Amino acid sequence: GRGTKAVNAAVIEEHIGNKMDVLLNDEEQLVASSAREFLEGECSTALVRQMEEDPIGHPPELWAKCTEMGWTGMCLAEEYGGQALPLTYLGLVMQEVGRAMAPIPLHSTAVTSLAIQKAGTKAQCQSVLPGVSAGKTILTWAFSEQDPRFLPETVKTTAVADNDHYVITGKKLFEDN
């Protein structure tokens, strides 16, 4: 009822103050409009369709330009070549990437790199994240084998130790970019 709404409003006001600003500030508007303008100029529908058939799935030239725009390391720590910007900025860029249907591996790379930054060891972060910020390392996650039955005999992907790292060979059905 009406009394419940008043109580809820009072609880919200007590926890977050009188007002909550959900509008973009000038800097956030600049991030969003810059991303939109860039993608409108660089990412045509023809390019999106062409990338559907491309074995790489993204145009390296566009990825390099996204790196120049600072998108690949925008929320990563400065010690890894990033800009340490708020996650909101990445969300604004991702919104425009989605609007343009841009065939770039930004989502998979950003989510994976942020997970590494949060949960990885210092050595893992130092090994992987500078390459992400520089646009030289693209990250993704793989989901299942070509035979999706989840049986031990259907696993064809292998990881072989090679000095201080592993070489992973195989194909997965779901790869986000």
Side-chain angles (χ1 to χ4, degrees), residues 23-144 157 159 162-177:
L23 300 176
L24 299 180
N25 64 34
D26 290 343
E27 211 169 275
E28 292 165 338
Q29 288 177 4
L30 181 61
V31 169
S33 65
S34 297
R36 180 177 291 185
E37 289 171 19
F38 170 76
L39 291 166
E40 284 174 351
E42 297 289 335
C43 188
S44 67
T45 304
L47 175 66
V48 174
R49 287 189 176 126
Q50 179 186 354
M51 288 300 109
E52 288 178 354
E53 303 299 324
D54 187 271
I56 297 174
H58 73 276
E61 310 79 32
L62 180 57
W63 184 245
K65 290 178 182 180
C66 293
T67 299
E68 290 172 18
M69 297 283 289
W71 296 355
T72 57
M74 119 181 316
C75 295
L76 295 178
E78 291 177 0
E79 68 184 289
Y80 306 124
Q83 301 169 60
L85 293 172
L87 195 55
T88 306
Y89 287 24
L90 180 60
L92 294 168
V93 169
M94 290 302 305
Q95 179 177 339
E96 297 305 325
V97 167
R99 180 188 317 276
M101 296 188 306
I104 56 172
L106 185 60
H107 180 262
S108 62
T109 298
V111 170
T112 308
S113 65
L114 289 169
I116 292 169
Q117 180 173 261
K118 181 165 178 70
T121 65
K122 188 76 168 170
Q124 289 169 330
C125 291
Q126 290 170 336
S127 171
V128 175
L129 300 180
V132 170
S133 293
K136 304 228 181 284
T137 301
I138 294 173
L139 302 175
T140 190
W141 50 84
F143 199 69
S144 68
T157 300
D162 183 11
N163 295 320
D164 63 344
H165 63 278
Y166 284 84
V167 175
I168 299 174
T169 306
K171 290 185 178 182
K172 297 291 185 176
L173 287 179
F174 172 75
E175 291 183 20
D176 181 26
N177 289 323

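No hydrogens, no waters, no symmetry mates; every other heavy atom, side chains included, goes into these values. Treat the numbers as computed from the prediction; the structure is a model and nothing was measured.
Screening residues 65-77 for side-chain hydrogen bond (donor to acceptor under 3.5 Å, both in side chains) gives Glu42-Lys65 as the qualifying pairs, with residues at least two apart or on separate chains. For residues 54-64, no residue pair satisfies the salt bridge (Lys or Arg N to Asp or Glu O under 4.0 Å) rule, not counting sequence neighbours. Legend: salt bridge (Lys or Arg N to Asp or Glu O under 4.0 Å) pairs involving residues 105-116, not counting sequence neighbours: none detected.
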Check the pair His58, Ile138 against side chain to side chain contact (heavy atoms under 4.5 Å, CB included), reporting the backbone distance first and the verdict last. CA-CA 11 Å; His58 73 276; Ile138 294 173; 3.5 Å; yes
Verdict with reasoning, Thr112 to Val128, per side chain to side chain contact (heavy atoms under 4.5 Å, CB included): CA-CA 10 Å; Thr112 308; Val128 175; over 6 Å; no
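Under the 4.5 Å side-chain criterion, counting only non-hydrogen atoms from C-beta, Thr137 is in contact with Leu139. For the pair Leu114 and Leu90, the minimum side-chain heavy-atom distance is below 4.5 Å. The shortest side-chain heavy-atom distance between Leu47 and Leu62 falls under the 4.5 Å cut-off.
Rounded to the nearest 0.5 angstrom, Met101 CE and Ser44 OG are separated by 10.0 Å. To the nearest 0.5 Å, atom CD1 of residue Ile56 and atom CE of residue Met51 are 8.0 Å apart.
A donor-acceptor pair under 3.5 Å is absent between the side-chain atoms of Trp63 and the main chain of Ile104, judged by distance alone.
Counting all heavy atoms, side chain and backbone alike, Gly73 lies closest to Ser133 at CA-OG, 3.7 Å. Of all the heavy atoms in Pro59 and Pro103, the pair that sits closest is CD-O, 3.4 Å. Residue Cys125 comes nearest to Pro130 through the heavy atom pair O-CD, 3.3 Å, listed as atom of the first residue, atom of the second, then distance. Residues Pro105 and Ser108 approach most closely at O-OG, 3.4 Å, considering heavy atoms.
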Could you give the side-chain donor-acceptor pairs of residues 23-32 under 3.5 Å, partners two or more places apart or in another chain?
residue, atom, partner, partner atom, Å
Asn25, OD1, Glu27, N, 3.0
Asn25, OD1, Glu28, N, 2.7
Glu27, OE2, Tyr89, OH, 2.3
Glu28, OE1, Asn25, N, 2.9
Gln29, NE2, Leu24, O, 3.2

Validation: residues 74-81 side-chain donor-acceptor distances under 3.5 Å, sequence neighbours left out:
residue, atom, partner, partner atom, Å
Glu79, OE1, Lys122, NZ, 2.4

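Every salt bridge (Lys or Arg N to Asp or Glu O under 4.0 Å) that Arg99 has, sequence neighbours left out, goes to Glu96.
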